[in-house]
Amino acid sequence: MSVRTRRTSFPEVVIERETDTEESSDEDEEEEEEEVEEDVVESDDHDEIENQNGKDDGGELSAADNKGKTPITISLKKVCKVCKETGHQAGFQGATYIDCPMKPCFLCKMPGHTTVNCPHRVAMEFGVIPASRKRTHNSLDYVFERQVRSGVPAIKPAFVIPDKVTCAVIRYHSRRVTCLEFHPTNNNILLSGDKKGQLGVWDFGKVYEKTVYVNIHKALLNNMKFSPANDGTVYTASSDGTVSCTDLETGLSTSLMDLNPNGWQGRNSWRMLYGMELNAEKGLVLVADSFGFLHMVDARANSKIGDSILIHKKGTKVVGLHCNPLQPDLLLSCGNDHFARIWDMRRLEAKSCLYGLPHKRVVNSAYFSPLSGSKIVTTSIDNRIRVWDSIFSNLDTPSREIVHSHDFNRHLTPFRAEWDPKDSSESLVVVGRYISENYNGTALHPIDFIDISTGQLVAEVMDPNITTISPVNKLHPRDDVLASGSSRSLFIWRPKIEYEKVRAKVKSKIMVCNSKNKKKLGDESDNGDDDSGDDFSSKKEWHNVCGDVLHSVAVCR
DNA sequence: ATCAAATGCGCCC
DNA sequence: TGGGCGCCCTTTGA
């Protein structure tokens with residue numbers, strides 16, 4: 001690091017420099033700091049001077065108030081951007097992120113180590129709390145035991161992991177994807193909601209057939225569910241405070257509820273809808289708002305049922321609702337008051353919850369297991385997936401806590417661990433990962449498949465072209481297909497063998513969605529360069545061409 | 001290239 | 001108990 005010195009008549013500038021990175025090869029740099037003088041542009045009223053040395057980010061600056069001859073001290077010492085201390089730095093070194101050692105581990109939140117050497121990073125097989133075997137003879141025992149217990153097979157089948165991107169739509173939504181839902185009967189239709197409130201309908205079997213309905217909501221489309229009575233109809237709940245019922249053919253929607261009939265009256269009164277669930281037996285649409293209340297709408301009569309019920313701490317968001325698949329009167333809710341709660345719909349009133357499942361922080365999602373409904377998986381932003389093996393057991397503590405990085409930055413859609421509805425053993429769960437891993441020099445955020453019965457990481461799925469985080473994931477109800485929402489884009493993954501089949505089929509059929517790229521795409525498809533396997537010619541191309549069939553992956557604008 | 005903005009939530013006073 | 005402030009691996013597009 002060379003030091004330049006000039007004489008001026010202007011205030012002396014003291015620059016503190018960091019030298020420890022150079023391992024003292026210079027003999028004259030025994031001191032950690034040196035004093036030099038530098039030019040300072042004259043100005044009348046500068047309290048601060050911007051550090052113009054862009055490369056030295058993290059450089060700290062302080063300046064004397066007076067414009068006279070008092071020294072101005074500019075510190076070029078490298079400070080940690082996390083804790084502002086010197087002597088270490090947090091941030092990416094290449095594709096590896098180095099944690100600040102002064103903070104608790106970013107992954108498991110325990111002090112004494114960083115993510116780099118966190119034991120949970122090496123092998124995520126730490127069920128930190130053993131499964132409880134104690135029976136509690138609670139009110140649920142007798143009601144559901146007989147219906148449910150027999151439905152849980154003891155033998156775990158081999159997991160099939162969809163780990164190859166077979167098609168993708170990038171720049172499909174204009175804002176980040178918030179939720180996904182597969183069509184209940186048509187195997188190739190994927191619905192997606194986004195932060196703007198738009199609803200996408202994508203036939204990923206035909207890749208380029210897609211529709212985006214833009215007028216259904218005005219704010220985040222937080223949750224959607226297909227009507228059990230009519231699979232051409234979908235209900236959506238939004239941060240604009242409305243529930244809509246939309247016909248997928250026409251895009252026509254009717255509003256079932258509007259929590260803000262008087263429009264915008266300020267931040268404190270604007271009500272947003274998050275959790276949503278349908279109770280098919282009763283023909284009810286259940287929604288929960290950002291103030292802790294549950295609302296019920298009769299889907300057929302399109303009329304509100306009863307009063308709103310406070311089901312979580314007043315003033316907090318209720319982000320998830322789920323009815324038990326075998327006993328729909330059993331409702332599971334979760335929210336920002338750090339609780340997941342189990343309710344009996346037949347006697348539902350404030351504080352009537354059967355159980356409160358405490359978490360350390362906000363609970364992003366809570367789901368009963370999809371077949372027997374006897375297990376519960378929750379995702380909390382304390383970086384833990386919690387598992388209750390049986391709702392008949394002692395629910396005071398979870399059977400397992402699985403450390404997993406999904407504590408999110410405010411700009412992301414919250415991560416939710418989602419069951420594999422095809423797994424008869426009800427142990428496979430998919431969840432996006434927040435922290436990245438260095439894969440051959442690229443920082444990628446995999447989508448993790450976790451066996452919640454052991455806490456074991458079964459598979460981590462990633463594609464070198466997907467550098468964005470994938471917080472939204474959904475496994476197909478019948479096929480071995482994974483759908484992911486990552487930023488604005490949607491991806492369909494299949495197991496390798498399926499991928500090969502799709503690829504062979506698609507190769508013979510060149511699809512062009514974007515005329516701008518027609519020629520380029522034609523070239524791409526003509527050269528028959530499919531030996532490059534799964535890699536695209538370049539990341540840039542994959543994203544920028546935005547076009548269509550690159551090898552077998554279709555990307556549509 | 002660089003930068004601001006969009007934002008949710010935890011924590012502090 | 002509530003308002004204000006600040007933020008550790010974002011993403012986008014101006």
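Chain letters run A, B, ... following the sequence lines, proteins first, then strands; residues in each count from 1.
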Quick one: A:Tyr434 OH to C:dT11 C1', roughly how many Å, whole number?
12 Å

Closer than 4.0 angstrom, basic N to acidic O: yes or no for A:Asp337 and A:Lys314?
no

Is A:Ile469 touching bases, backbone alone, or none of the nucleic acid, heavy atoms closer than 4.0 Å?
sugar-phosphate

Distance, rounded to the nearest Å, where A:Asp194 contributes CG and C:dT11 contributes P
16 Å

Please verify the inter-ring angle class for A:Tyr172 with A:Trp202; under 30° counts as parallel, over 60° as perpendicular, anything in between as tilted.
tilted

Taking only N and O in the side chain of A:Ser487, is any of them less than 4.0 Å away from OP1 or OP2 of C:dT12?
yes

Using a 4.0 Å heavy-atom cut-off across all strands, classify A:Pro471 as base, sugar-phosphate, or nothing.
nothing

When the ring planes of A:Tyr434 and A:Phe415 are compared, do they come out parallel, tilted or perpendicular, using 30° and 60° as the limits?
perpendicular

Considering only the P atoms, how many Å lie between C:dC8 and B:dC12, rounded to the nearest integer?
13 Å

Please, what dot-bracket string fits DNA chain C when only Watson-Crick and G-U pairs with both distances under 3.5 Å count, crossing ones use [ ] and pairs to another strand use |?
.||||||..|||||

With a 3.5 Å distance limit and no angle check, can you tell me whether A:Asn383 reaches the backbone of A:Leu107 through a side-chain donor-acceptor pair?
yes

For the pair A:His322 and A:Phe368, name the ring-plane relationship: parallel under 30°, tilted 30 to 60°, perpendicular over 60°.
tilted

P gap between C:dG13 and B:dT7, integer Å:
14 Å

By side-chain contact (heavy atoms from CB on, under 4.5 Å) - contacts of A:Lys103 (at least two apart):
A:Val82, A:Cys100

A:His359 and A:Trp388 aromatic ring geometry - parallel, tilted or perpendicular at 30°/60° bounds
tilted

Calculate the interatomic distance between A:Gln89 atom CD and C:dC9 atom P; express it in whole Å.
14 Å

Would you kindly give the CZ-to-P distance between A:Phe415 and C:dC9, to the nearest whole Å?
13 Å

Report the residue (A:Ala443 or A:Ser174) whose heavy-atom-nearest nucleotide on DNA chain C is the more 5′ of the two.
A:Ala443

A:Ser436 near the nucleic acid: base, sugar-phosphate alone, or nothing, with a heavy-atom cut-off under 4.0 Å?
base

Could you check whether A:His217 and A:Thr242, counting side-chain N and O atoms only, form a donor-acceptor pair closer than 3.5 Å?
yes

Atom pair distance, as rounded to whole Å: CG in A:Leu444 and P in C:dT10:
13 Å

In whole angstroms, the gap separating P of C:dC7 from CG of A:Asp407 amounts to 16 Å

Please report, rounded to the nearest Å, how far the P atom of C:dC8 is from the NZ atom of A:Lys103.
6 Å

Within the 4.0 Å limit for protein heavy atoms, which parts of nucleotides 4-13 of chain B are touched? Write it as a string from 5' to 3', B for base, S for sugar-phosphate only, - for none.
--BBBSS---

Check for a donor-acceptor pair, side chain of A:Thr236 on one end and backbone N or O of A:Met224 on the other, with a separation under 3.5 Å.
no

Starting from C1' on C:dT12, measure out to CZ on A:Arg171 and report it in whole angstrom.
9 Å

For the residue pair A:Glu460 / A:Tyr439, report whether a side-chain donor-acceptor contact shorter than 3.5 Å exists.
yes

Using a cut-off of less than 4.0 Å, is there contact between a side-chain N or O of A:Arg488 and OP1 or OP2 of C:dT10?
no

